[in-house]
Every structure is written in structure tokens, then in C-alpha cells.
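In what follows, chains carry the letters A, B, and so on, assigned in the order in which the sequence lines appear, proteins first and then strands, with residues in each chain numbered from 1. Any value given below was found using the heavy atoms of this structure, including those in side chains, with hydrogens, waters and symmetry copies removed. Worth saying up front: this structure is predicted, and the values here are computed from it rather than measured.
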2 protein chains.
Amino acid sequence: MKVTIDLIAQKVGVSKALVSLVINGKAKKYGISQLTCDRVMAVVRELNYKPNQMARSLRTGVSNTIGLIVSDISNGFYASMARQLEDLAANSGYNVVIGSTDENINKELRLINILRNRQVDGIILSSSQENSEELENMFKAGFPLVLIDRYFPNAGIPAVVAENSQGGATLAQHLFNQGFRNPLVLNITPSYISSVGERTSGFQKVFTDNSIVPEVVQIPFSDIYNVVYEIFSKKVKEKNLPDCVFAVNNNLATAFLSVLSKFNLAVPDDVALVCFDDLPYFSIIKPSITVVTQPLDVLCSRTFSLLMEQISNQEKVEEHETIFEPVTLITRESSIKIK
Amino acid sequence: MKVTIDLIAQKVGVSKALVSLVINGKAKKYGISQLTCDRVMAVVRELNYKPNQMARSLRTGVSNTIGLIVSDISNGFYASMARQLEDLAANSGYNVVIGSTDENINKELRLINILRNRQVDGIILSSSQENSEELENMFKAGFPLVLIDRYFPNAGIPAVVAENSQGGATLAQHLFNQGFRNPLVLNITPSYISSVGERTSGFQKVFTDNSIVPEVVQIPFSDIYNVVYEIFSKKVKEKNLPDCVFAVNNNLATAFLSVLSKFNLAVPDDVALVCFDDLPYFSIIKPSITVVTQPLDVLCSRTFSLLMEQISNQEKVEEHETIFEPVTLITRESSIKIK
DNA sequence: CTGAAAGCGCTTACAG
DNA sequence: CTGAAAGCGCTTACAG
């Protein structure tokens, strides 16, 4: 019933080694006659033979599969990332298996282990680790690994990230220029994550350089809406509203807008808003939302190239510097000061 | 360097069969002494041994991996689906590898082939096929397969979908009750896809039963915004606007809102809007958007159960009826008629 | 209680 | 030009 290379060989009346050679396009190299090739391929087609990749992988030590581990694949940003990486991978004959960590360090470590046991050829990781030790060991031991979106300074692990700090600073400068003086930063927990951490610190620096210390609140990854609600509930009661808000990611901005409408507060009149990363609806709604965007396509293609490099050059594992990709400010209505 | 079962066996001084038994928790069953177990496990931990899943799979014929194939994993609906299925799979010890088809029939067939060659234990598929023949053959040949979101009537392939027709009808009835009489349906191409097809026909029926024939326009999957723009550009010029629009999915609704704002038209005053599937921002914006939602968690858990059933009962492949899950109307501001 | 052997389906030197 | 053999790292009857 099952059609294997043995069956093909038997039907054609040759050895399975020969069949393997023909199937893998090595006929020329081994000087196999065209006639033999044709006879083999005829039967291959007739029986619709497809080599068992598992067996092939076991033998060759290459699975043509890569792993993608992010905090949450249902998050639009990571979903788009997954799609782009999937396409890049497909073009190179790779499949991608995904995993979500929910920013949980142990879940991440477990996922890495599982994927390695499954013999993925490499991993693209948006890490939630605080400490990069385990990852460094992995990388130094020669396992192909590229970090995306989040990196570890001086860890020597190849990483491709946006200029998050610059992005935060750009947004801060924009708000400052507009005349806002009482900013609130909605940051995400855990705060050691490089991307959001740098967005926040880049933002803070611009204001502190102007003698203003922005308030920063930490919002747990898992309960964004409720915590933002609590915060504003308190601020409304105390009549202590900021004049502008920096949401370090999409989810935070969406939650903020939702909370604000609950309190019948308007953007930007009551509180202005800027956000990191664009979303389709940000340009549709009134007011449209000012954002800084990162070039996801560039991030993904750079990342994938770095991974492929490692996979094909198993021998020389080099230290890598982190690659920073520039971001872009898109000024919209949500951050324009009413005169 | 590489730590295999052979190395463990050697270090402990037993056979690799014994190590395998211990590792797979069959020590009791084979009456292996506790002492031996402890000695084995000690070395396993010491060397951080992880069984090579590829080898295990080749031997057992089970990969503990499932495939998920959808039109586009970056689409929020499918991204959420992927996440829920990932979690369900993880709980049962499965990994999921993803693939996007872009509604391309050949891409879908190719992906199925690739995943099967990789020995996935089963596939969850949101199909773009017009004809179910290939899929039926696969399923009847005993390959575990469950359709999600889209099904083929009378194909006998297990499928879990929303009550799309009912959803379209609910939305139509709501609009009719509000007094709208000139509806436009924004449908997606290819139109043979069951989900959007049934949403449209369910919608149409309610109006035609009331002697109104809704206009239906087909929007190609790949170029939603531009085509919607063209359509409304023409309608505005001809002063031939509908009084309400039914967007059969999220992307269409977002594109519609975007186009409308370009023409300075307001919802619902100029044109009302209802949409299939909710999005976080739909409840935030002014006006908020009326939708019908499907219970994605139920869809996913039902689907996953059906797949597991097939995987564990390889022998008896039964015909299956399609499971329809009820939908819910959420009335918001975008469909309320101004008196 | 434990070990030797076969075999999952491939690929790759090696020999002729 | 082609075949026999070894082996990738496991698991599972089978034998003792």
C-alpha cells in the first residue's frame, strides 16, 4: 500500500540507490543513462511517489524546517512576521513551525527544546528571556539562531531589530514640539524586553533633557485592558490626566482608546496619543493615530538571510553585531495640539 | 559530541532497548527494577539527553505534528485560529506547522503534499478549493483531515463552520427592520468559498423575500482596497449610493471604512455598515460597528477533537456531517437608522 | 528483569 | 553506469 523507494526500485528493476540518485537530480553527476532516468521517473509519477522527509532528514541530518517562536502568534505584528517568514522560507524550501510563549520564560525554553528535538535546522526567536545565557550557549554550540524584534546587548547572538530607542525619541520630540508637557508612557511588562524598554527610554530621554520626567506605568502583558482601565479610572477621579500618552505597542493603544471612550474623553483634546507600530484602522478613524512604524519586510528578510547563512556555514560561528533598522514617523491627528 | 540513546546505554552499561523503555515510561510494564531506572535517568539528566524525534517518528510512524493551512496567517481571524489550535495541540503534545495559500488552489495542493511528505499526523484546512475531489480522496484513503471555516456540502469530510447563512440573514433582517431598503453586499472572490458564499446568500434571501434584490459586488482577495475604492468612486459620481453595506469579512469592512472617509461620507448617515466577524477596534470607534461574531474557541476545540479522533482511530474512517456553530449579532451604532 | 536483532525509509560512500 | 551495504537514532517484538 505504502509507496516507498523500495517499491519503486522493485517495479523498475533497479536498486533503490539508483532511484534515490535519480530523484535527487544526481543522475548526471553519476552518469546514469537518460533511459534509466526516464524509466524511474515514469514509475515515480505513476505511483505518485513522494520521499518520506522524516527518513531523509534522519539520514542527512537536515530537516528543512525552521522554528519561529514569538510571544503570541495571534498578535497582528507577529502574525504578519510569521507570514513574511513563511514566504521567505517556502522560497528556500523550508517549512516553519510556530510557537507562542505568552512572554513566559519557561514556556520559551520548553518550546526551544521541543523544536530542537524535532530537529529544526534553526530558530528565529523573539525572546522573552531576561538573561541570555541559555541562548548564548545554544548559539555558541553552533545551533543556528537569530533574534528578531528583541535582542541582548553584547550577547553576540545575531539579531535584527528596529531602532526602537530612536523611535521613542522621535515620538517624544514630536509631542514636545507640539507643546505637550505632561506625558504618560504605557509600557508593557516584563520591562526588561529590549524593544519596549528602548522605546520607553528613548522617549524618556527627550523629555528629561527638557526637564520633564514622564510618568511610566507598567502594564502586564496578559491583562492590558483592565489595568489601563484602573489607571485611568484613578486619574480621572483625581483629575490628574496626562496631556499625552505614548503606547509602546498596538495592543496598548487599542486598549487606551477603548478606555478613553468609556470615560467620554477625546483624543487629542483631552489626551493626545502616539503609538509604536501602525495598524490598518489607525489611519481610518477620527482622529487618525500618529505612529512610528518599523519596516517589517526588511526585518524579516534580514533575519531570514542571517539564519540561512548560519545553516549553510555550520563550521564558522561568528560573533554578530545587532542590526538596527530605521523607523518612520507618520504624523496624524491624534497628536496635534489644539490651539 | 552528539548524545544519543547509544551513548546513554553505554554509559549506564545496559542495552539501548532498556534505556528506551525507561525513557518512555514503560519500565513498570516491563518490570524493570527501580534501581536500573534511577541509574538510567541519572545519566539522561547528566548528559541532558533528548530523544531525536525524527528517528522516533520514522520508527513509530507518528510525528506528533499537525499542519494548519489557511488562506493567510497574517489575517487576524486566522492568526487567532492558529494560536488557539497551537495551544490545543501543545496540550496534547503536538506541534503545528503552518501554511498560507493566498486562496490559490495549486498552492494549497502543494502545501498539502509538502506537509504529508513531512509526515504530519493530520491537517486542519480552511480550503480554497472549488472542487473537493482531491480532499475526499485523501480523507477516504484514511488521512486525518478536518475542514474549518469552509466546507463542502455532501463531501463527507468532517468540517466545523459557523452558521454563516444564518449570520448573513440575521444581519439582513436587522438592516431591514431598521428601514434600510437599498443594500450593497461586498463579497470576496473566489465566490465559491462556502463561508462568504453562504453569508451572502443568507443575506440576499431576507431581502428578496421582501421584494428587494441586493446588489452584490465581487472583490478579489488580493486587491481589496483598490477595487472597493473604484466601486465607490463610480457610485459617488453617479449619485447612486446604497443606504447600507454588508461586508462579508473584516478586511472588506476596514477597506470600506477607509474608502468612505476618503469621500467624506459618514457611517451610518450616508451609508450604514454591518460586518461579519468582530475586530477589537469595531467597538472603540465612532460609530461602533455592528457585527455578527462566530465562536472561534468552540470552532477550534471541536475541530481539534475531530482531528484527534481520526488520528487515534486510524482504522474506521466514517463519513461525517458538517458541524455548524451558532453566531451572535452585536448591534452597534453603524447600522442604526437616523430618523 | 535484560539484551540482541530487526527495521522504519531514506542517502552515501564504496566497489565493481 | 549500477548494486550491495552501512547507518542515521530510535522502538518493539522476541528470546532468554
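Using a distance-only test at 3.5 Å, with no hydrogens or angles considered, a donor-acceptor pair links the side chain of B:Tyr192 to the main chain of B:Ser128. Judged by distance alone, the side chain of B:Arg118 and the main-chain N or O of A:Asn64 form a donor-acceptor pair under 3.5 Å.
Rounded to a whole Å, the CG atom of B:Leu35 is 10 Å from the P atom of C:dC1. Nucleotide D:dC8 holds its P atom 8 Å from the CG atom of B:Asp6, rounded to whole Å. One interatomic measurement links the two molecules: CG of B:Leu58 to P of D:dT11, which rounds to 11 Å at whole-angstrom precision. Residue A:Lys29 contributes atom NZ, which lies 11 Å from atom C1' of C:dT11 at whole-angstrom precision. Summarising the geometry, the separation between CE on B:Met54 and P on C:dC8 is reported as 18 Å, rounded to the nearest angstrom. In this structure, CD1 of A:Ile8 is placed 16 Å from C1' of C:dT11, rounded to the nearest angstrom. As a whole-Å value, the separation of B:Lys2 NZ from D:dG7 C1' is 12 Å. As a whole-Å value, the separation of A:Ile5 CD1 from D:dG3 P is 13 Å.
Residues from residues 37-53 of chain B placing a heavy atom under 4.0 Å of any atom in DNA chain C do not occur.
B:Phe324 meets the ring pair (Phe, Tyr, Trp, His ring centres under 6.0 Å) test with B:Tyr151; sequence neighbours excluded. Here A:Asn131 pairs with A:Glu133 under the side chain to side chain contact (heavy atoms under 4.5 Å, CB included) rule; sequence neighbours left out. By the side chain to side chain contact (heavy atoms under 4.5 Å, CB included) test, B:Ala55 is found to be paired with A:Leu58, B:Asn52, residues two or more places apart in sequence or in another chain being considered. With sequence neighbours excluded, the residues satisfying salt bridge (Lys or Arg N to Asp or Glu O under 4.0 Å) with A:Asp87 are A:Arg83. By the side chain to side chain contact (heavy atoms under 4.5 Å, CB included) test, B:Leu47 is found to be paired with B:Val3, B:Leu7, B:Ile8, B:Lys11, B:Val43, residues two or more places apart in sequence or in another chain being considered. Scanning for ring pair (Phe, Tyr, Trp, His ring centres under 6.0 Å) contacts around A:Tyr78 gives an empty result, with sequence neighbours left out. For B:Leu306, the side chain to side chain contact (heavy atoms under 4.5 Å, CB included) partners at least two apart in sequence or on another chain are B:Val146, B:Pro158, B:Val160, B:Glu309, B:His320, B:Ile323.
Across all strands, A:Ser57 comes closer than 4.0 Å to no nucleic acid atom at all (heavy-atom distances).
The gap from the C1' atom of D:dG3 to that of C:dT11 amounts to 14 Å, rounded to the nearest Å. Taking atom P in both C:dC1 and D:dA13, the straight-line distance is 22 Å, to the nearest Å.
Proximity of B:Thr4 to the phosphate of D:dG9: no side-chain N or O atom is located under 4.0 Å from OP1 or OP2.
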Using the 3.5 Å cut-off, write out each protein N or O paired with an N or O of nucleotides 12-16 of chain D and the distance between them.
from	atom 1	to	atom 2	distance (Å)
D:dT12	OP2	B:Lys26	NZ	2.7
D:dT12	O4'	B:Arg59	NH2	3.0

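Remark on DNA chain D: of its neighbouring residues A:Val14 and B:Arg56, the 5'-side contact belongs to A:Val14, judged by nearest-heavy-atom nucleotide. Projected onto DNA chain C by closest heavy-atom contact, B:Ala55 and B:Ser33 fall at different nucleotides, the more 5' of which corresponds to B:Ser33.
Sorted pairs that involve residues 1-10 of chain A and meet side-chain hydrogen bond (donor to acceptor under 3.5 Å, both in side chains), not counting sequence neighbours, are lacking altogether.
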Side chain to side chain contact (heavy atoms under 4.5 Å, CB included) between A:Asn113 and A:Leu115, intermediate numbers included: CA-CA 5 Å; A:Asn113 255 319; A:Leu115 295 190; over 6 Å; no

Paired and unpaired positions of DNA chain D as dot-bracket, Watson-Crick or G-U wobble under 3.5 Å, | denoting a partner strand: |||.||||||||.|||

Identify all side-chain donor-acceptor contacts of residues 18-27 of chain B below 3.5 Å with residues at least two apart in sequence or on another chain.
from	atom 1	to	atom 2	distance (Å)
B:Ser20	OG	B:Asn24	ND2	3.4
B:Asn24	OD1	B:Arg56	NH2	2.8
B:Asn24	ND2	B:Ser20	O	3.0

